[in-house]
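Structure first, commentary second.
All values below come from the heavy atoms of this structure, side chains included, with hydrogens, waters and symmetry mates left out. All figures in this text were calculated on a predicted structure; none of them were measured in a lab.
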Amino acid sequence: MEKDLHNFSSFEEYPTTDKSLWLDYSKEETIFKIWSPRATAVKLNLYKTGNDSEVFETLDLIAEKNGLWQKKVQRDLNGTYYTYQTYIDDHWLTETPGIYAKAVGVNGNRAMVFNADETNPRNWNKDTYVELNVPNSAIIYELHIRNITIQKEANSSYPGKYLGLVEKGVKSTQNVPTAIDHIKRLGITHVHLLPTFDQYSIDETHLETPQFNWGYDPQNYNVPEGSFSTNPFKAEVRIKEFKTMVQAFHDAGIGVVLDVVYNHTGVKETSNFNLENPGYYYRFNNDGSYSNASGCGNETSSERKMTQKFMLESVKYWTEEYHLDGFRFDLMAIHDIETMNLIAEEVKKINPNALIYGEGWVGGDSPLPEEKRALKKHIPQMPKIAAFCDDIRDAIKGGVFEDNSTGFVNGAKFTEESIKCGIVGAIEHPQLNYQYVNYSNKAWAQQPWQAINYVSCHDNYTLYDKLKVSRPDASLDEIKAMHKLSTAIVLTSQGTPFLHEGSEIMSTKKGDHNSYKSPDAINEIDWNLKVLNADVLAYYKNLIKLRKKHPAFRMPTAKEVQDNLKFKKIDDGLVSYQLKNNANKDTWSKILVIFNRQNYDINYELDQSWKIAVLKDSFDFEGTENVTDNVIVPAISMMVLFQKKINTQEKYYKKQLLGLVEKLFIETGDAKSRFINCEAQIETTYIASKNKYTPKEAIEFWDKMWGELNTKEALFNKSIELKSSFLMTVKSKRNASLEKYLLFFLEELARLN
């Protein structure tokens, strides 16, 4: 008896194809395609509209090799809606737009033939990806499109829409910038959009009724969600408005990362996957039930060739068609390592600056063997991919699943080693003992940027809510201080920093820790908080400015971090570390960062002279105040000290000054050895001389030097003779910096008179 070519004993027996499964459109013809090896017939239904209309034509697709079905229609079908139907196991399955649909009508039930060029906003061909030297130069800001502008006080012309998010010149009722103006002024480099592909949960035909969902319920993977558009009934509108949004962010110098959920679908039996190839795109338990590593009722099978092909083609399409700057993978460890590496490779061929990162865990057990999962601990096998660092997240504020759990900033003991893990970006470091790190017993990142450092995201409580629920005894001022310190740790660590929308104004979800479908009153950004917590916003802006100005906080390689980052004093509630050697070509030669979570000031001993850059809410990037011997680190705060770099030109001036000092010593009869012995002190004085004021230590040094010579009067007399040569040197060099250094020296001579 001849074998039935449409029945297979396992999914591995399915014939596969390398051919493109995208619809091919031109004015002359459209080629429809679908892959369905088990189907014995496939038909194509054509419609005038995306809903509420009858089929006006039905066509049969022709079976090709390896399960491919195809139909060429030779006329211009631009604007025509369509569905496929497969005949499997002796019955017709429900209509589907097909998993490769690029445009859909309202609620995503019908796909549409369209000319992609007609959906491009003006100058789209000139739009470019955001440049990124190394991944940890990015500062990621996670947001939900609806949340930013849906509040009435936001005064948006397009509340909750793509266009509202990028509307310029909008101010709240309290006259503060909102939407893209707020985001740009914050200083972040990339926005991370919660899932924005077409989803099941929102009824787009009744948007007059407020509806909310995070979007982790995929329906059509390659189409923007319609509820964020101004007209979900017209398939082309959501596409053009999504592109307009991306273009506006790019014009503002901000990259766009899309949160993608290829690990599961919003429904099972009636998903578009199952309406083409029942079961193939999913994993199953031994008893035949759907496996559920997603915690959402099903999980997809990335290890199978056609699932892998779909994922690869999808991310490539989003990158090319929508000019995206990266992807965040939900429950990334449900996917296999090979597929994730292929995705990173293909995306970076199109956009070398793309960010690829995800959650390095699963939501439940999976049939996929653990050694094949894209887990956080397997990041060394994924050299172009980063993962969220839950080690530092929970070390900072406490466990996300326990209300009373606390972390470093809100009072927990023995969290310092986990904080250190986040500071170095989860790499191997000689001063880090991973046996005391939250969830990792060894380094899991090969390079520091592979750790996405964060303290809060859309999941669980907002940072403010977590601090409040875990420390009900704390005052508002203490909560604010903890809040600032939390983000200070994230933004001064070597990993890639990730911020949650609204954290910069201490947003609250009113204690709701799972607001995936909660109303706007819970999820919306309350723009009144921008005024109420203006000091928090200013602190965030300055932190971002500090990180962007000083590359020492974002070294690209593990070796650079190992060579240039040294932990200093570590104690209960105290973590400090030093960045040295002009790390990553920083203009500061050394940086000392101190985190004090105690509710009292700490006296921190110093072995050198330092300038103060950050003291509580004060940021002084020029360092107009010096400290020596010791410094008081305020309660629940970060302090940053630095020493200025001496560049090549400055070294030249230093050499000139030291030469003149040496000449002066010799001419006054002093032994040359005195100059040599004082060289270190002279260098200290030289650095001090670059300021307009004279530090105490400089005066003390000069006094000591003149005292040792014991010929102050003779020195002064000799100096008169030397002044003319000094001034001639200044005149010949015509250099303001050299003049400043020499005049400082002359002022010291005059002071001794």
Side-chain angles (χ1 to χ4, degrees), residues 477 480-481 484-485 487-489 491-492 535-536 538-553 566 568-569 574-583 586-598 600-647 650 653-654 680-704 736-737 740-741 743-745 747-748 751:
D477 285 344
K480 260 190 183 182
K484 292 173 182 176
L485 179 56
T487 303
I489 295 171
L491 282 167
T492 55
D535 60 320
V536 180
Y539 192 81
Y540 270 63
K541 287 181 177 180
N542 277 320
L543 282 175
I544 291 169
K545 182 179 178 182
L546 175 70
R547 184 179 183 87
K548 291 170 81 171
K549 281 176 68 71
H550 292 284
F553 293 114
K566 182 180 180 181
K568 305 295 282 186
K569 186 176 181 181
L574 177 72
V575 174
S576 63
Y577 67 91
Q578 183 175 304
L579 303 170
K580 56 184 181 177
N581 302 324
N582 303 112
D586 204 296
T587 56
W588 290 349
S589 59
K590 294 180 182 178
I591 304 172
L592 179 61
V593 181
I594 308 167
F595 303 125
N596 174 22
R597 78 98 195 274
Q598 299 290 2
Y600 52 81
D601 297 351
I602 286 179
N603 184 15
Y604 190 97
E605 293 185 0
L606 302 170
D607 56 3
Q608 299 176 32
S609 175
W610 296 84
K611 296 179 182 296
I612 298 177
V614 182
L615 175 62
K616 292 195 73 173
D617 285 0
S618 174
F619 286 72
D620 179 2
F621 296 102
E622 299 303 318
T624 53
E625 183 178 350
N626 281 36
V627 287
T628 308
D629 299 329
N630 66 286
V631 66
I632 301 301
V633 184
I636 317 178
S637 74
M638 174 185 73
M639 175 174 276
V640 178
L641 309 174
F642 73 93
Q643 293 176 357
K644 188 81 182 289
K645 172 185 176 181
I646 302 174
N647 61 30
E650 290 170 336
Y653 295 146
K654 171 191 168 186
Q681 289 178 291
I682 289 177
E683 183 169 345
T684 300
T685 306
Y686 161 78
I687 294 170
S689 75
K690 294 176 64 181
N691 300 314
K692 294 180 180 178
Y693 63 91
T694 304
K696 181 181 178 182
E697 65 267 24
I699 296 174
E700 290 174 349
F701 163 67
W702 286 106
D703 280 334
K704 183 179 179 182
S737 297
K740 182 176 69 174
Y741 303 153
L743 289 179
F744 169 82
F745 183 73
E747 287 171 3
E748 289 298 330
R751 185 182 63 80

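With a 4.5 Å cut-off on side-chain heavy atoms, Leu641 and Leu606 count as touching. Looking at Leu615 and Pro634, their side chains come closer than 4.5 Å, going by heavy atoms from C-beta outward. Taking 4.5 Å as the limit, every side-chain heavy atom of Phe619 sits out of range of all side-chain heavy atoms of Val640. At a threshold of 4.5 Å between non-hydrogen side-chain atoms, the residues Lys568 and Tyr604 count as touching. Inter-residue side-chain proximity for Asp586 and Leu579 is flagged as unmet; no heavy-atom pair is nearer than 4.5 Å. Between Trp610 and Lys590 there is a side-chain heavy-atom pair separated by less than 4.5 Å.
Judged by distance alone, the side chain of Ser576 and the main-chain N or O of Lys569 form a donor-acceptor pair under 3.5 Å. Side-chain N or O atoms of Ser589 include one that pairs as donor or acceptor with a backbone N or O of Gln643 at under 3.5 Å. Of the possible polar contacts, none joining the Gln598 side chain to the Leu574 backbone as a donor-acceptor pair under 3.5 Å is found.
Once rounded to the nearest 0.5 Å, the distance linking CD of Glu625 with CD1 of Ile612 reads 4.0 Å. Atoms CG and CG, on Asn603 and Asp629 in that order, are 10.5 Å from each other to the nearest 0.5 Å. Atom CG of Asn582 is separated from atom NZ of Lys644 by 11.0 Å, given to the nearest 0.5 angstrom. Taken from OG in Ser637 to CG in Asp601, the straight-line distance is 8.0 Å, to the nearest 0.5 Å. Atoms CG and NZ, on Leu491 and Lys545 in that order, are 15.0 Å from each other to the nearest 0.5 Å. Here CG of Asp607 is found 12.0 Å from CG of Asn630. Values are rounded to the nearest 0.5 Å.
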Exercise for review: Apply side chain to side chain contact (heavy atoms under 4.5 Å, CB included) to Met639 and Val614, showing your working.
Suggested key: CA-CA 5 Å; Met639 175 174 276; Val614 182; 5.9 Å; no
Practice item. Determine, step by step, whether Leu546 and Thr492 satisfy the side chain to side chain contact (heavy atoms under 4.5 Å, CB included) criterion, reporting the C-alpha distance in whole Å, the side-chain angles of both residues, the deciding distance to 0.1 Å, and the verdict. Key: CA-CA 8 Å; Leu546 175 70; Thr492 55; 4.2 Å; yes
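Considering all non-hydrogen atoms of both residues, Lys611 and Glu622 come closest at CD-O, 4.2 Å. Scanning both residues, Asn596 and Ala635, for their nearest heavy atoms gives ND2-CA, 3.7 Å. Counting all heavy atoms, side chain and backbone alike, Phe595 lies closest to Leu485 at CD2-CD1, 3.9 Å. Of all heavy-atom pairs spanning Ser609 and Thr628, the tightest one is OG-OG1, 3.6 Å.
Between Phe553 and His550, the ring planes are perpendicular. Angles over 60° get that label, and only those under 30° would be called parallel.
For the pair Lys549 and Phe621, the cation-pi test (distance below 6.0 Å, angle within 45°) is passed.
Between Asp617 and Lys484 there is a salt bridge, since at least one side-chain N of the basic residue sits less than 4.0 Å from a carboxylate O of the acidic one.
When Ile591, Leu592, Val593 are each tested for a side chain to side chain contact (heavy atoms under 4.5 Å, CB included) with Tyr577, only one passes: Val593.
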